[in-house]
Amino acid sequence: IPHRSGIVNNVGYEGALLFKKFEKQCKEKEKSLHKCEFDGADMEKNQWIGLSYNLIDTDGYLTNLDGSKSRVIHQYDRLGTFFDDWLLEQPFVDDLNDNYTLNEEPGF
């Protein structure tokens, strides 16, 4: 399956690269990962990472290279804590919110 197309979006490689860059930027700003955010993030618009990264749509959902919503996301945990925080705020995981947390420790 070509990268970010077809039924599975394997975001692991891009996610790991982005998270390492993000982690370095947070350290340079002397901020913890939970108080830092990806460039261009706008949580008021539900965008956990800037649209300029070409990873999400305007609603914050991961997309394929053609801009369509990804149906299956493999290795989303590589995106780190900001994606986890966004994910737990989504209505489709409401049944998990009371008993489940993702990535309690920053990073992977």
K.L.:
Please report the C-alpha distance between L79 and I49 in whole Å, then the side-chain angles of each, then the deciding distance to 0.1 Å, and finally whether the side-chain contact (heavy atoms from CB on, under 4.5 Å) criterion is met.
P.N.:
CA-CA 10 Å; L79 293 163; I49 191 170; 5.7 Å; no
K.L.:
Checking Y61 against W86 for the ring pair (Phe, Tyr, Trp, His ring centres under 6.0 Å) test, could you report, in this order, the C-alpha distance in whole Å, the side-chain angles of both residues, the deciding distance, and whether it holds?
P.N.:
CA-CA 10 Å; Y61 292 98; W86 173 86; 5.5 Å; yes
K.L.:
Let me check something: do L65 and L62 share a hydrophobic cluster, defined by ILVMFWY side-chain heavy atoms less than 4.5 Å apart, either directly or through other members?
P.N.:
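No, it is not one cluster - the side chains of L65 and L62 are not joined through contacts under 4.5 Å.
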K.L.:
Over 60° means perpendicular and under 30° means parallel, so tell me whether F83 and Y76 are parallel, tilted or perpendicular.
P.N.:
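Ring orientation of F83 relative to Y76: tilted.
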K.L.:
Do the non-hydrogen side-chain atoms of K69 and N64 ever get within less than 4.5 Å of each other?
P.N.:
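Result no, sub-4.5 Å side-chain heavy-atom pair not found.
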K.L.:
Please lay out, stage by stage, how L87 and W48 fare under the test side-chain contact (heavy atoms from CB on, under 4.5 Å).
P.N.:
CA-CA 9 Å; L87 182 61; W48 57 274; over 6 Å; no
K.L.:
Would Q90 and N46 count as a side-chain contact (heavy atoms from CB on, under 4.5 Å) here? Give the steps.
P.N.:
CA-CA 9 Å; Q90 302 312 301; N46 208 30; 3.4 Å; yes
K.L.:
For Q47, give me all partners under side-chain contact (heavy atoms from CB on, under 4.5 Å), at least two apart in sequence or on another chain.
P.N.:
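Once residues adjacent in sequence are excluded, the partners of Q47 under the side-chain contact (heavy atoms from CB on, under 4.5 Å) criterion are D42, K45, L51, I56, T58.
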K.L.:
Pairs under 3.5 angstrom only: tabulate donor-acceptor contacts from the side chains of residues 8-19 to other protein residues two or more places apart or in another chain.
P.N.:
{"unit_1": "N9", "atom_1": "ND2", "unit_2": "T63", "atom_2": "O", "d": "3.2"}
{"unit_1": "N9", "atom_1": "ND2", "unit_2": "S70", "atom_2": "OG", "d": "2.8"}
{"unit_1": "N10", "atom_1": "OD1", "unit_2": "G12", "atom_2": "N", "d": "3.2"}
{"unit_1": "E14", "atom_1": "OE1", "unit_2": "H3", "atom_2": "NE2", "d": "2.9"}

K.L.:
Roughly how far, to the nearest 0.5 Å, is CZ of R78 from NZ of K20?
P.N.:
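These two atoms lie 9.5 Å from each other.
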K.L.:
Please check if atom CD in E28 has more than 12 non-hydrogen atoms from other residues, nucleotides or ligands closer than 6.0 Å.
P.N.:
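Correct, the count exceeds 12.
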